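Have a look at the structure below before the remarks.
We number each residue from 1, following the sequence as shown. Since the model is a prediction, treat every value here as computed from it, not as a measurement.
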Amino acid sequence: MKLDGIAAFVAVAGAGSISEAARRLGLSKSVVSERLAELERSVGAGLLHRTTRKLSLTEDGSAFLERAGRIVREVEEAAADLAERRGTLAGPLRISAPVTFGRMHLGPALYPFLVQHPRIELTLDLDDRRVDAAADGFDAVVRHGPLGDSRLTAWKLAASRRVLVASPGYLERHGAPGSIEDLDGHRGLFYTNRGVADWRFPLPDGTVMVRAQVALRANNGDMLRDAAIAGLGIALMPMFIVGSAIEAGKLEVVDVGARPEDEFIFMAHPEGRRPSAKLRALAAHLRTAFGDPPYWDR
């Protein structure tokens, strides 16, 4: 029984398809298929049901997967420990992050780290959906806002201030709201992954939730910022997305006498899995790169 066959099986089970597993492993589909077939011959059992439209685990495959995943993680961690003993950070590292933050801030912060540690093999998957870190095979996820998953252990990377923004043209046409209550009559631009209940303002007597009229829902921060610039309505957005538009005069901060709930940029890894030296080093690097307070809030 070969380790690369076990690793291929774990990758296919996590990805849900041979083609996606091959992409994650940096191999061809034929190589992954060959390794799976060799593993099944070694264990004397079929581990996967294969059809033209669907791939699923057999009963034997389900029983084998938990230990197989543990074997692969143990070997990866052992290799990482040896590299750390030699003072070298090396090996694969798979991270998921939101599209806009990844493009605007995470990528530029990562590049110097990768230059400094050329033996790290980083896979960065930009996706605004809430991925299952363990099931999807990620070492960690970088996210903004509430964690929302008790199976993850989170490290704070930076504070994230959110502000209500609108274009000068929108405020001229509709008037600037002067209080939280005034927001009810305005058109709102909402981030789909959070929903219309996202506008929450902590007050001395408790948290107030505002439901403005829905003008647009979108699952991408760039699109919501551009919609606000175009005058479609008011958006509640993090400064790391809208800071430059505010500075350029394309957006104005809307002051309603209360600040939205404070949030953070965090890195989270599956609970119970010891984070590797390279993951700890990356988190420390990102904290320094973003700053305290973060550069986008200064």
Side-chain angles (χ1 to χ4, degrees), residues 20 23-24 26 80 89-149 152-163 165 191-194 198 218-226 235-247 262-270 273 275-298:
E20 175 61 17
R23 186 186 69 82
R24 294 179 182 182
L89 299 179
L93 190 60
R94 191 159 182 259
I95 305 290
S96 171
V99 175
T100 302
F101 184 76
R103 180 184 61 80
M104 294 181 68
H105 304 285
L106 183 60
L110 280 173
Y111 305 146
F113 179 79
L114 295 175
V115 169
Q116 185 180 357
H117 304 288
R119 295 186 61 190
I120 290 180
E121 304 163 16
L122 178 67
T123 300
L124 180 61
D125 195 320
L126 299 182
D127 196 328
D128 285 333
R129 69 185 178 91
R130 294 277 175 170
V131 302
D132 186 324
D136 293 340
F138 291 104
D139 295 290
V141 295
V142 174
R143 283 292 177 262
H144 170 253
L147 182 57
D149 190 339
L152 296 175
T153 300
W155 301 328
K156 290 179 181 177
L157 299 180
S160 177
R161 182 164 62 94
R162 296 196 300 163
V163 292
V165 293
Y191 186 49
T192 310
N193 291 3
R194 291 173 174 264
D198 182 41
N219 66 347
N220 178 262
D222 287 323
M223 177 168 282
L224 288 176
R225 177 201 58 216
D226 293 346
L236 176 58
M237 303 201 68
M239 282 293 292
F240 67 75
I241 296 179
V242 298
S244 58
I246 293 171
E247 187 176 359
D262 291 331
E263 294 194 338
F264 295 90
I265 305 293
F266 60 85
M267 175 182 284
H269 62 87
R273 186 184 302 180
S276 64
K278 54 182 176 287
L279 188 61
R280 297 194 303 270
L282 175 58
H285 169 82
L286 292 177
R287 288 191 198 98
T288 301
F290 297 151
D292 184 16
Y295 64 83
W296 55 75
D297 273 355
R298 292 172 193 161

_Spacing of CG belonging to L282 relative to CG belonging to L122, to within rounding of 0.5 Å_ = 7.5 Å

*Using the test side chain to side chain contact (heavy atoms under 4.5 Å, CB included), find all partners of M239 that sit at least two apart in sequence or belong to another chain.*
R161, V163, V242, I246, W296, D297

*What pairs meet the salt bridge (Lys or Arg N to Asp or Glu O under 4.0 Å) rule with one or both residues in residues 96-113, with sequence neighbours excluded?*
R103-D222

*State, with a plain yes or no, whether a side-chain heavy atom of S160 is found less than 4.5 Å away from one of F240.*
yes

*Which atom names give the shortest non-hydrogen contact between A158 and P294, and what distance separates them?*
CB-CB, 4.3 Å

*Is any side-chain heavy atom of I120 closer than 4.5 Å to a side-chain heavy atom of H117?*
yes

*Check side chain to side chain donor-acceptor pair (under 3.5 Å) between H105 and all other residues, then give those that pass, not counting sequence neighbours.*
Y295

*asked:* Please tell me whether F266 and H144 form a close aromatic pair, meaning their ring centres lie under 6.0 Å apart.
replied: no

_Nearest 0.5 angstrom please: E263 CD to R143 CZ, how far?_
13.5 Å

_Heavy-atom side-chain proximity of M237 to R162 below 4.5 angstrom_ = no

*Please step through side-chain contact (heavy atoms from CB on, under 4.5 Å) for the pair L89 and R119, ending with a clear verdict.*
CA-CA 7 Å; L89 299 179; R119 295 186 61 190; over 6 Å; no

*asked:* Has N219 got a side-chain atom pairing as donor or acceptor with D128's backbone, closer than 3.5 angstrom?
replied: no

*Closest approach of A140 and L279, non-hydrogen atoms and distance?*
CB-CD1, 3.7 Å

*Name all residues meeting the side chain to side chain donor-acceptor pair (under 3.5 Å) criterion together with R24; count only those two or more places apart in sequence or in a different chain, and write none if there are none.*
E20

*When rounded to the nearest 0.5 angstrom, what distance separates CZ in F138 from OG in S96?*
4.5 Å

*Do you know the tightest heavy-atom contact between H285 and P112?*
CE1-CB, 4.4 Å

*State, yes or no, whether a side-chain contact exists between F101 and V142 at a heavy-atom distance under 4.5 Å.*
yes

*So how far is it from Y191 OH to M223 CE, rounded to the nearest 0.5 Å?*
12.5 Å

_Residue list, side chain to side chain contact (heavy atoms under 4.5 Å, CB included) with A283, at least two apart or on another chain_ = W155, L157, M267, R287

*Residues in side chain to side chain contact (heavy atoms under 4.5 Å, CB included) with L124, at least two apart?*
I95, A97, L106, L110, L126

_Gap separating the CG atom of L93 from the OG atom of S276, nearest 0.5 angstrom_ = 6.0 Å

